[in-house]
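This report concerns only the one structure given below.
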Amino acid sequence: QVQLVESGGGLVQPGGSLRLSCAAPLRQFTTTAMGWYRQAPGKERELITFITRGGGANYGDSVKGRFTISRDNDKKTLYLQMNSLKPEDTAVYYCNQYPPNKIYWGQGTQVTVSS
């Protein structure tokens, strides 16, 4: 079974930056929209941004202007550049298709924003 693997998380101070990567060896990677999701402690997992197969990006209000999603179709890799991080961005971050397919949820990568 194909597994998506997220990486790049860590501990960062408020105002800092991180770049997340998602290795997504899906046969359909180049023809499907992909998204980044996150789950904060005690909250439901939520979609924060997605990118269409053509490269068009959409952002939730909570990350608009701070996060940038991108994709490398040759490498079948999804990226999330996160700038101006806030404590409320603390969560486990996941990638998946958009809309998500439950069989592709990986382990996620922890992002902690704290001073």
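Index from 1, following the sequence.
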So does N101 get a backbone contact from the side chain of N96, meaning a donor-acceptor N/O pair under 3.5 Å? yes

Give the intermediate values and the outcome of side-chain contact (heavy atoms from CB on, under 4.5 Å) for residues S114 and L11.
CA-CA 7 Å; S114 174; L11 173 63; 4.2 Å; yes

Minimal heavy-atom distance between V63 and I48, with the atoms involved, is CG2-O, 3.5 Å

### Query
Hey, does W36 have a side-chain heavy atom less than 4.5 Å from the side chain of C22?
yes

So the side-chain hydrogen bond (donor to acceptor under 3.5 Å, both in side chains) pairs with at least one residue in residues 42-56 (sequence neighbours excluded) are R38-E46

Correct closest heavy-atom pair for S21 and T77 would be CB-CG2, 4.4 Å

Look at the side-chain heavy atoms of Ile, Leu, Val, Met, Phe, Trp and Tyr, link any pair under 4.5 Å apart, and say whether L26 and L20 land in one connected group. yes

Looking only at heavy atoms, the pair that brings P100 and Y37 closest together is CD-OH, 3.3 Å

For Q107, is the CD atom crowded, meaning more than 12 foreign heavy atoms sit under 6.0 Å from it?
no

query: Side-chain heavy atoms under 4.5 angstrom apart, residues restricted to Ile, Leu, Val, Met, Phe, Trp, Tyr: same cluster for V2 and Y94?
result: no

Closest non-hydrogen atoms of Q3 and P25, given as atom of the first, atom of the second and distance, are O-CD, 3.8 Å

Residues pairing under salt bridge (Lys or Arg N to Asp or Glu O under 4.0 Å) where one sits in residues 65-88, two or more places apart or in two chains, turn out to be R66-D89

### Message
Tell me whether Q110 contacts the main-chain N or O of G9 through its side chain, where contact means a donor paired with an acceptor under 3.5 Å.
### Response
no

Distance col, row E6:CD vs Y93:OH, nearest 0.5 angstrom, shows 12.5 Å

The ring pair (Phe, Tyr, Trp, His ring centres under 6.0 Å) partners of Y98 (sequence neighbours excluded) come to F50

Exercise for review: Please assess F67 against L85 for the test side-chain contact (heavy atoms from CB on, under 4.5 Å), listing each intermediate value before the final yes or no.
Suggested key: CA-CA 9 Å; F67 291 10; L85 283 162; 3.8 Å; yes

Joint hydrophobic cluster, L80 plus Y104, side-chain heavy atoms closer than 4.5 Å: yes

Nearest heavy-atom approach of I69 to A57 is CG2-CB, 3.6 Å

Taking the side chain from S115 and the backbone from Q13, do they hold a donor-acceptor pair closer than 3.5 Å? no

Distance col, row I51:CD1 vs Y59:OH, nearest 0.5 angstrom, shows 7.0 Å

Distance col, row T68:OG1 vs M82:CE, nearest 0.5 angstrom, shows 11.0 Å

So CG of L4 and CG of L78: to nearest 0.5 Å the spacing works out to 9.0 Å

